[in-house]
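Read the structure below first, then the notes.
Heavy-atom basis, side chains included; hydrogens, waters and symmetry copies ignored. Below, read A as the first sequence line, B as the second, and so on, with proteins coming before strands; counting in each chain starts at 1.
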Amino acid sequence: MANTSIPQYDPAEIEPRWQQKWHDSGLYESNIDERRPKHYALTMLPYPSGDLHIGHWYAMTPSDARARFMRMRGYNVLFPMGFDAFGLPAENAAIKNNIHPKIWTYRNIDNMRRQLKSMGAMFDWRRQAVSADPEYYRWTQWFFNQFYKNGLAYRKMSPVDWCPNCNTTLAREQVWGEDRHCERCGTPVIKKDLEQWFFRTTKYADELLQYPGLDWPERVRTLQTNWIGKSVGAYVTFKTEHGDPIQVFTTRPDTLWGATFMVLAPEHPLVDSLTTPEQRDAVHAYQQQAARQTDVQRESTDKEKTGMFTGGYAINPVNGERIPVWIADYVLMTYGTGAIMAVPAHDERDFAFARKFDLPVRVVIQPEGQPPMDGDSMPEAVPAHGVMVNSGALSGTPADKAYDAIIAYLEKIGAGHAAVNYRLRDWLISRQRYWGAPIPILYCQNCGAVPVPDDQLPVLLPDDVEWKPTGESPLKLHPTWRHTTCPQCGGPAERETDTMDTFMCSSWYHLRYLSPHYDKGPFDPREYDYWMPVDTYTGGIEHANMHLIYTRFFHKACRDLGITEGPEPMIQLRNQGMVLGEDSEKMSKSRGNVVSPDKLVERYGADSVRAYLMFFARWDMGAPWNPTGIDGTARWLRRVWAMVLENASSPNTAGEETIRTLRRKLHQALKSITRDFETFEFNTIISTLMELQNEMFKARSAGAAGTPAWKEAVDIYVRMLAPVAPHMAEELWARLGRPYSVHTQSWPAVDEAAAAQEEITLVLQVNGKVRDRLTVPADISADGAKAAALASDAVQKFLEGKTPRQVIYVPGKLVNVVV
RNA sequence: GCCGAAGUGGCGGAACAGGCAGACGCGCACGACUCAAAAUCGUGUUCCGUAAGGAGUGUGGGUUCGAUUCCCACCUUCGGCACCA
């Protein structure tokens with residue numbers, strides 16, 4: 001019955017032809033349209049590393065399919081694309097291949113834009129933004145200026161993380177893992193004392209912990225919440241014997257009576273004045289040794305405790321007790337105040353320290369229902385849950401009840417107050433590299449640090465630089481670039497030679513897409529008012545603690561400066577998983593397990609690649625690449641092609657039942673696919689389409705082709721296919737004689753009556769085991785169902801003559817007979 | 001150590017209110033078409049058992065008429081954090 005006259009499915013011919021037509025007709029140009037609801041669909045922009053990776057396709061094609069679905073549902077959809085074009089790999093490639101980073105980057109952008117276009121995605125290329133373009137980074141610098149003028153950017157000398165391979169400092173978020181390695185190159189970082197620029201992200205720590213109205217994965221919110229690391233407690237001020245205050249942070253002010261010593265970080269500013277002459281040499285030696293250690297050595301948990309007595313003492317404000325002050329490297333200068341009160345009875349670390357240096361241990365919280373603890377003999381610290389003991393007037397009070405009273409008391413005697421601390425650090429944005437947006441600051445001998453006036457931006461990155469890695473910013477080596485005049489006093493000034501972290505560029509790219517050539521501000525306010533916020537954001541979860549924190553901070557900071565509006569920049573977030581190599585390892589050139597999308601497109605066509613990437617794994621999970629599975633999706637698309645085009649002359653001999661079944665399956669599939677698009681479950685969209693196609697084959701064999709129901713099924717099928725396989729759907733739509741374009745059609749409506757089940761399969765169980773199945777009317781009564789079940793031979797057989805104790809009917813599903 | 005995610009056939013996965021486990025596809029086997037192969041189409045494919053039947057969703061318990069789904073304990077893998085006071 002196969003009609004041999006239909007043309008073969010030839011994606012290599014179809015796909016470029018439609019891409020050209022879409023481009024020529026401006027099909028994907030999104031413009032403000034107040035009559036339609038807007039939908040801003042954003043997918044994370046790629047770094048122009050050279051070639052589009054299968055991972056990019058995996059991230060972007062389902063995002064594109066969903067954007068298309070939203071468009072068909074009546075939304076005015078914006079789905080833009082651009083390039084995160086500044087960054088280290090360009091410089092590394094420059095060094096390796098002796099090619100200018102700019103040439104390397106823009107060449108890659110050209111190639112990747114071509115590859116992106118082969119996906120057939122609905123990107124509005126007019127809105128492309130490239131972060132290395134002066135018309136883009138002019139505004140990156142402008143944002144820096146606004147932050148600087150409002151106290152959100154500051155310069156500070158401090159010990160910072162330095163990647164010896166990338167020759168630059170890194171933000172705390174960009175140092176990963178137990179060995180504290182560089183997020184980019186994997187080299188363990190070292191500490192350096194440098195004067196660097198920071199953004200005051202900590203100012204927003206508390207707000208960043210709130211996710212108002214955000215539909216974000218729980219996973220991401222948890223990662224961010226843990227990263228920000230809020231601790232609620234109190235600052236308590238002890239005094240040295242000379243009367244100098246030593247402030248500590250504690251989450252357990254109720255253990256104050258158990259503080260038997262204090263520990264300062266070796267770098268703490270009070271160490272010098274506390275140290276007695278007899279201890280001076282030893283303390284100095286310990287400080288030196290601590291300074292030489294790496295963070296990894298210093299912060300490894302299982303390390304034997306080390307420390308040194310300063311010879312000095314402090315007075316506990318609640319009981320006037322005189323306690324020794326030590327220094328130790330387990331206390332970090334970068335958290336809290338760099339000093340702690342040690343309560344060895346109830347803190348594991350303090351306990352280990354006390355035992356090692358033979359310091360007193362005093363129990364102040366007695367766990368309930370246990371024999372009294374003895375500080376001298378206890379083998380380990382005990383959790384501080386229970387009743388306060390050895391705590392003066394508060395002895396006998398449950399610890400959790402005393403908490404607020406103690407803070408009130410500390411406030412009354414002027415020795416402390418409630419406080420909150422965060423693990424989050426301010427964002428270090430200085431990079432000692434060439435290929436980035438220059439920090440728009442000048443240093444004048446008279447005026448100090450002066451921002452380049454907004455109307456003189458951008459501070460252009462010079463092309464003629466030596467990009468040799470020296471550990472200094474390459475811009476420092478430029479013969480003339482750094483020398484300029486101060487805009488305030490006209491005297492000589494030098495430019496800042498560091499560039500900005502590229503995460504600064506990517507913190508606001510979603511705003512630049514709105515109007516990439518706008519020159520009166522970072523974005524056209526009319527476009528902002530219409531499109532923002534981003535409705536759906538898709539991308540990898542690896543950015544949970546980097547980009548996704550930075551961009552939220554950026555938005556909130558800008559909101560407070562009157563630049564942006566609303567609490568959050570991106571309302572809904574969905575993360576795709578990772579496509580691994582066939583060997584289940586991360587794809588990398590060195591492992592030789594990289595899958596090239598170009599070759600797959602050449603062999604199967606973009607539509608098959610798109611469909612396979614949606615089908616082959618749960619999108620949010622990812623999976624190792626399976627090279628043979630794609631044959632199945634390619635086969636399916638060829639069958640769809642044949643099914644749609646072969647039907648025209650087929651007979652109309654189907655019975656009523658066939659037609660009813662066809663329509664039921666069709667509308668059930670439509671319902672299921674609609675729901676799955678809403679919930680980002682792409683793999684079941686494809687399998688439902690495959691199932692429906694099988695059902696339609698059956699109906700056609702039964703003579704359904706040529707009926708109105710068949711026509712309806714084909715029409716709906718092609719529409720449902722459009723987001724997934726946009727080229728094929730467009731071609732089929734045209735061949736069916738329908739007007740251009742399938743992508744501007746509305747998403748079909750479910751006919752609930754058609755989808756309704758008239759008959760159901762009633763499952764019959766005996767003691768929870770399936771023994772029989774009956775086809776019964778869907779509206780069967782409970783009594784009817786139970787009677788039918790008991791009448792079943794199979795059920796009777798397994799009842800073995802016993803009387804049912806209970807018969808359970810689950811409407812529309814099953815009957816369970818219990819004996 | 002703490003936080004989070006995940007464990008289902010040979011493989012990817014489905015089961016969306018606690019109700020038919022294994023949809024859909026890959027792979028494999030057999031068959032049709034073919035001189036032959038590819039492509040295509042058809043049939044079968046969780047395991048044990050000739051069968052009747054039994055077992056079965058990481059492991060062990062629990063709740064329930066009924067558990068992949070809920071609860072408890074544990075194991076494994078992956079991700080994040082880690083001397084954060």
Side-chain angles (χ1 to χ4, degrees), chain A residues 1-2 8 176-178 180 217-227 229-231 233 248-252 255 263 298-303 305 328-332 334-343 346-350 352-353 421-425 541-542 544-545 577-578 584 612 615-618 620-621 623-633 635-636 638-639 642 672 675-676 679 681 683-694 697 761-773 804-819:
Chain A
M1 89 169 197
Q8 228 195 341
W176 286 12
E178 209 169 340
R180 317 205 88 217
E218 182 75 43
R219 212 153 120 228
V220 175
R221 285 184 296 168
T222 304
L223 281 169
Q224 293 203 346
T225 299
N226 291 346
W227 182 259
K230 181 177 184 172
S231 292
V248 302
F249 175 71
T250 177
T251 54
R252 294 304 301 265
T255 64
V263 186
R298 211 178 136 162
E299 292 180 12
S300 95
T301 327
D302 47 5
K303 199 190 86 171
K305 292 278 180 292
D329 60 9
Y330 81 92
V331 175
L332 309 174
T334 46
Y335 184 79
T337 62
I340 62 156
M341 63 175 204
V343 183
H346 306 296
D347 182 282
E348 219 181 299
R349 298 151 301 176
D350 297 344
F353 195 83
N421 252 286
Y422 299 93
R423 226 183 61 93
L424 184 76
R425 306 289 152 75
I541 198 168
E542 66 275 12
N545 286 345
M578 219 193 303
S584 298
Y612 183 55
F615 179 61
F616 98 112
R618 248 174 76 175
D620 56 338
M621 291 297 191
W625 180 252
N626 174 353
T628 55
I630 191 169
D631 289 317
T633 15
R635 218 169 279 159
W636 160 64
R638 278 197 299 269
R639 278 199 284 253
S672 152
R675 188 191 56 205
D676 288 348
T679 55
E681 285 168 74
N683 55 343
T684 46
I685 289 172
I686 307 298
S687 54
T688 305
L689 283 170
M690 287 172 168
E691 261 180 284
L692 178 58
Q693 196 261 334
N694 290 338
F697 253 4
T761 302
L762 188 68
V763 173
L764 306 184
Q765 297 181 333
V766 177
N767 287 337
K769 286 195 177 161
V770 179
R771 297 303 181 187
D772 201 2
R773 295 181 176 85
R805 189 154 58 87
Q806 197 182 353
V807 181
I808 290 157
Y809 173 58
V810 182
K813 297 254 158 95
L814 57 72
V815 176
N816 188 15
V817 181
V818 186
V819 290

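- When the salt bridge (Lys or Arg N to Asp or Glu O under 4.0 Å) test is applied to A/Asp347, the partners found at least two apart in sequence or on another chain are A/Arg349.
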Using nucleotides 2-9 of chain B, report all nitrogen or oxygen pairs with the protein that are shorter than 3.5 Å.
residue: B/C3; atom: O2'; partner: A/Asn226; partner atom: ND2; Å: 3.3

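- Rounded to whole Å, the distance from CG on A/Asp772 to P on B/G53 is 11 Å.
- One can place CD1 of A/Ile541 at 9 Å from C1' of B/G80, the figure rounded to the nearest angstrom.
- A donor-acceptor contact under 3.5 Å links the side chain of A/Lys305 to the base of B/C83.
- Using modelled atom types, no side-chain atom of A/Arg180 and backbone atom of A/Glu178 make a donor-acceptor pair closer than 3.5 Å.
- Comparing B/C65, B/G12, B/C83 by their nearest atom to the side chain of A/Tyr330 picks out B/C83.
- A/Arg771 meets the salt bridge (Lys or Arg N to Asp or Glu O under 4.0 Å) test with no other residue; sequence neighbours excluded.
- Taking only side-chain atoms of A/Arg638, from C-beta outward, the nucleotide of B/A39, B/G13, B/A82 with the closest atom is B/A39.
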Output one line per pair: protein atom, nucleotide atom from nucleotides 67-70 of chain B, and distance, for all N/O pairs under 3.5 Å.
none

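- Computed from coordinates, the A/Leu332 CG to B/C83 C1' distance equals 7 Å when rounded to whole Å.
- Under a 3.5 Å cut-off, the side chain of A/Asn421 and the backbone N or O of A/Ser231 do not form any donor-acceptor pair.
- In terms of the salt bridge (Lys or Arg N to Asp or Glu O under 4.0 Å) criterion, residue partners of A/Lys230 (sequence neighbours excluded) are, by chain and number, A/Asp206.
- Nucleotides B/U59 and B/G9 are separated by 10 Å at their P atoms, to the nearest Å.
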Can you tabulate the close N/O pairs, meaning under 3.5 Å, that link protein atoms to atoms of nucleotides 22-26 of chain B?
residue: B/A23; atom: O2'; partner: A/Glu691; partner atom: OE2; Å: 2.9
residue: B/G25; atom: OP1; partner: A/Asn694; partner atom: ND2; Å: 3.3
residue: B/C26; atom: OP1; partner: A/Arg635; partner atom: NH1; Å: 2.5
residue: B/C26; atom: O2'; partner: A/Thr628; partner atom: OG1; Å: 2.8

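- Applying the 4.0 Å criterion to OP1 and OP2 of B/A85, one finds that A/Arg252 has every side-chain N and O outside that range.
- Heavy-atom distances under 4.0 Å link RNA chain B to A/Gln806, A/Ile808, A/Val810 of residues 805-812 of chain A, given in residue order.
- Residues passing the ring-ring contact (aromatic ring centres under 6.0 Å, His included) test with A/Phe615, sequence neighbours excluded: none.
- For A/Glu681 against B/C16, a side-chain N or O and a base N or O form a donor-acceptor pair under 3.5 Å.
- For the pair A/Arg771 CZ and B/G66 P, the interatomic distance rounds to 14 Å; values are reported in whole Å.
- Of the possible polar contacts, none joining the A/Asn816 side chain to the A/Ile808 backbone as a donor-acceptor pair under 3.5 Å is found.
- A/Phe249 is linked by a ring-ring contact (aromatic ring centres under 6.0 Å, His included) to A/Tyr235, counting only residues two or more places apart in sequence or in another chain.
- Residues forming a side chain to side chain donor-acceptor pair (under 3.5 Å) with A/Asn694 (at least two apart in sequence, or on another chain): none.
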Represent RNA chain B in dot-bracket notation, 5' to 3'. Only Watson-Crick or G-U wobble pairs with both distances under 3.5 Å count; pseudoknot-style crossings use [ ] and interstrand partners use |.
(((((((..(((......[....)))((((((.......))))))(((....)))..(((((..]....))))))))))))....
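- Residues forming a side chain to side chain donor-acceptor pair (under 3.5 Å) with A/Trp625 (at least two apart in sequence, or on another chain): none.
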